[in-house]
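These notes are about the structure you will find just below.
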Amino acid sequence: MAEIDCLHQDKLIRIEGRTPLHGSVRVQGSKNAVLPILAACLLIQGKCVIRNCPIITDVSYMLRLLECAGCEIEQKGNVVTIDALGLREYRLPGKYVRKMRSSVILIGAMLGRVQEVGIEYPGGCVIGERPIDLHLKGLLALGADIAIEGNYIHAEAKKLKGADIVFPFSSVGATQNVILASVLAEGETRIQNAAREPEIDTLCTFLRMAGADIEGIGTSRLVIRGVKTLHPIEYDVVSDRIVAGTYLLATAASRGSICLKEAPIEHMNCILQILRAMGCDIVVRQEQQEIELRCGKKIRNLPLVETDIYPGFPTDLQSLLLVTAITAEGELMLKESIFSGRFKIVEELRRMGAYIREDGSQVMISGGTELTGRNVIARELRGGAALVTAGIVAEGMTTIVGTCYINRGYEDIVRDFKMLGALIDWMDR
Ligand code: EPZ
């Protein structure tokens, strides 16, 4: 399979700032929904068709891992076909595993299908400690034998058996891992304190369409009864709620207006509430799956926003809200309660003129500040996207290196912001 054409892998982004965004843009398929669904295709002995698959590097890495395991992969634009009939290799190549966090859920999928897997500790964005103890706890409960040597994990199981699993706190990935390992296991698995992010619902819906027996979708208590086999299906990936939130927050920061097409409205209540409370006019057209946002001259910060598990304010939009808060009136206390190191962007924003006081897991942002364009460095996915927003609202020229991080989750952030009128381009290094 040719590498998915992830555009502009090592280019810079250059932005001429202070441009209000105006226009409409379609929301791409969801990275965090499609990755577990691609992993779930390993469980199905036949050809699945996945439509609206975003063309991003994390998808490319996941498809390469499936191909190395023996799947046949075809990819035409946003349609990916995966035939896992010929699955033959349980050892997965570290060069792709190390690229992203979501490789870890291949443990559950491989155990579910061939009862063995050899995989390195997953990589991914450096946004703080990212242990996998809850993943391993769940898989051990299902009867897996797991040996770890250095950063190499070997797991196997004669036969996975359903179990009662109580997570001390909800983890998206750990919940997905247990779901993937238990749908073909013997007997019943009950998960308490399961994550309730939409990406859990879409995984369960995909698996149920393929013949899995899962109850409690949308709640923190899932009951999975193992079945003998799953059958191939065709599936449309939901739109990306974080990409949609990115474009709304950028438009608010630039005092512009936007119409989001194919927006995942049902997954965006919290961010829409926050933007309305800040003074944005928002019209939601459910039938047409459109969100219209208009932003006058003034928007005002809320005193406190704290990231939380779903349906709270998503940690993945924390950096994007941080930049919007710099341009709004008043001060915002922004508390990060999910990850321990998700303020890497602060030093770059200070270089652009922001006044931000950092105190452990929270930052105090002084609003009403003018940013000045600078050469800045993206160090992780969502912080990189937030630097693009900062460049759009800053006075003068901003160039961003480290765009490969941004391309992990955004099909073409330059293409989309250009459609909204930003003076933005890819540049050769
Ligand atoms: C998923 O990461 C998403 N990634 C993240 O999006 C998202 O920020 C996160 O969920 C929270 O919503 C994908 O879906 C590919 P967690 P995940 O397990 O599964 C701790 C993006 O920008 N934890 O819910 O890794 C962990 O350290 C990415 O698209 C343990 O302690 O998140 C974190 O503090 C970034 N032990 C917290 O739980 C474990 O075994 C939440 O992590 C697992 C997690």
Side-chain angles (χ1 to χ4, degrees), residues 6-28 243-260 275 280 293-299 317 319-329 344-356 365-429:
C6 299
L7 298 167
H8 323 300
Q9 260 317 342
D10 56 0
K11 293 187 176 174
L12 308 181
I13 292 177
R14 184 177 60 183
I15 308 163
E16 180 65 47
R18 287 190 76 104
T19 327
L21 298 174
H22 292 290
S24 66
V25 69
R26 177 189 167 278
V27 181
Q28 70 177 62
V243 170
T246 298
Y247 296 162
L248 292 176
L249 284 161
T251 304
S254 76
R255 304 293 187 278
S257 60
I258 186 173
C259 179
L260 282 185
L275 284 164
C280 298
L293 174 144
R294 293 186 176 290
C295 195
K297 285 277 159 281
K298 275 197 182 308
I299 55 172
L317 286 177
S319 298
L320 286 302
L321 176 62
L322 200 163
V323 173
T324 304
I326 291 170
T327 72
E329 300 298 312
K344 286 194 170 36
I345 184 181
V346 165
E347 64 181 270
E348 296 300 286
L349 293 173
R350 283 187 181 131
R351 290 183 52 240
M352 295 177 78
Y355 292 102
I356 304 172
I365 298 127
S366 305
T369 309
E370 300 285 331
L371 292 178
T372 308
R374 283 277 183 280
N375 297 340
V376 291
I377 303 170
R379 292 185 169 81
E380 38 89 17
L381 165 55
R382 305 302 174 183
L387 287 174
V388 176
T389 302
I392 289 169
V393 302
E395 184 62 53
M397 181 77 75
T398 295
T399 58
I400 303 172
V401 296
T403 57
C404 55
Y405 292 109
I406 302 172
N407 296 334
R408 292 190 48 195
Y410 296 80
E411 277 192 336
D412 190 337
I413 202 165
V414 167
R415 171 198 69 195
D416 289 351
F417 276 130
K418 199 177 270 201
M419 283 177 73
L420 296 171
L423 303 176
I424 183 172
D425 258 311
W426 293 106
M427 253 174 71
D428 291 323
R429 286 177 83 92

Inset, instruction - For Cys280 and Cys295, work out which heavy atoms get closest and say how close. - result: SG-SG, 3.8 Å
Inset, instruction - Taking all heavy atoms of Leu371 and all of Gly353, pick out the closest pair and write down the distance. - result: CD2-C, 4.1 Å
Inset, instruction - Would you sort out whether Thr324 and Ile299 count as a side-chain contact (heavy atoms from CB on, under 4.5 Å), showing the intermediate values? - result: CA-CA 9 Å; Thr324 304; Ile299 55 172; 3.9 Å; yes
Inset, instruction - Check side chain to side chain contact (heavy atoms under 4.5 Å, CB included) between Lys418 and all other residues, then give those that pass, not counting sequence neighbours. - result: Val414, Ile424, Asp425
Inset, instruction - Measure the OG1-NZ distance between Thr403 and Lys11 for me, rounded to the nearest 0.5 Å. - result: 9.5 Å
Legend entry - Non-hydrogen atoms of Thr398 and Met352 that approach each other most closely: OG1-CE, 3.7 Å
Legend entry - Closest contact, heavy atoms only, Leu349 versus Ala390: CD2-CB, 3.8 Å
Legend entry - Contacts of type side chain to side chain contact (heavy atoms under 4.5 Å, CB included), residue Ala386, not counting sequence neighbours: Ser319, Leu320, Val323, Ile345
Inset, instruction - Output yes when a side-chain donor or acceptor of Arg351 lies under 3.5 Å from a complementary backbone atom of Asn375, and no otherwise. - result: yes
Inset, instruction - Can you sort out the partners of Ser366 under side chain to side chain donor-acceptor pair (under 3.5 Å), two or more places apart, ordered by chain and number? - result: none
Inset, instruction - Quick one: closest heavy-atom pair of Ile406 and Ala385, and the distance? - result: CG1-N, 4.0 Å
Legend entry - Residues forming a salt bridge (Lys or Arg N to Asp or Glu O under 4.0 Å) with Arg350, sequence neighbours excluded: none
Inset, instruction - Report yes or no: does Arg408 contribute a side-chain atom to a donor-acceptor pair with the main-chain N or O of Leu381 at less than 3.5 Å? - result: no
Legend entry - Rounded distance [0.5 Å steps], CG in Leu387 versus NZ in Lys344: 13.0 Å
Inset, instruction - Kindly indicate, with the supporting measurements, whether the criterion side-chain contact (heavy atoms from CB on, under 4.5 Å) is fulfilled by Tyr410 and Asp416. - result: CA-CA 9 Å; Tyr410 296 80; Asp416 289 351; over 6 Å; no
Inset, instruction - Mind checking the OG1-CD1 spacing from Thr389 to Ile413? Nearest 0.5 Å is all I need. - result: 6.5 Å
Side-chain donor-acceptor distances from residues 13-20 under 3.5 Å, at least two apart:
unit_1, atom_1, unit_2, atom_2, d
Arg18, NE, Glu395, OE1, 3.4
Arg18, NH1, Glu370, OE1, 2.2
Thr19, OG1, Glu16, O, 3.3

Can you list, pair by pair, the side-chain donor-acceptor contacts under 3.5 Å of residues 251-260, counting residues two or more places apart and other chains?
unit_1, atom_1, unit_2, atom_2, d
Thr251, OG1, Tyr247, O, 2.7
Ser254, OG, Leu21, N, 3.0
Ser254, OG, Thr251, O, 3.0
Arg255, NE, Lys297, O, 2.8
Arg255, NH1, Ala252, O, 3.0
Arg255, NH1, Ala253, O, 3.2
Arg255, NH1, Thr327, OG1, 3.2
Arg255, NH2, Thr327, O, 2.7
Ser257, OG, His22, ND1, 2.7

Inset, instruction - Could you pull out all residues at least two apart from Glu347 that satisfy salt bridge (Lys or Arg N to Asp or Glu O under 4.0 Å)? - result: none
Inset, instruction - Check for a donor-acceptor pair, side chain of Gln28 on one end and backbone N or O of Gly409 on the other, with a separation under 3.5 Å. - result: yes
Inset, instruction - Show your working on side-chain contact (heavy atoms from CB on, under 4.5 Å) between Leu322 and Ile356 and close with a plain yes or no. - result: CA-CA 9 Å; Leu322 200 163; Ile356 304 172; 3.6 Å; yes
Inset, instruction - To the nearest 0.5 angstrom, please state how far the CD1 atom of Ile400 sits from the CD1 atom of Ile377. - result: 11.5 Å
Inset, instruction - Would you give the length of the straight line joining atom OG1 of Thr399 to atom CZ of Arg429, rounded to the nearest 0.5 angstrom? - result: 10.5 Å
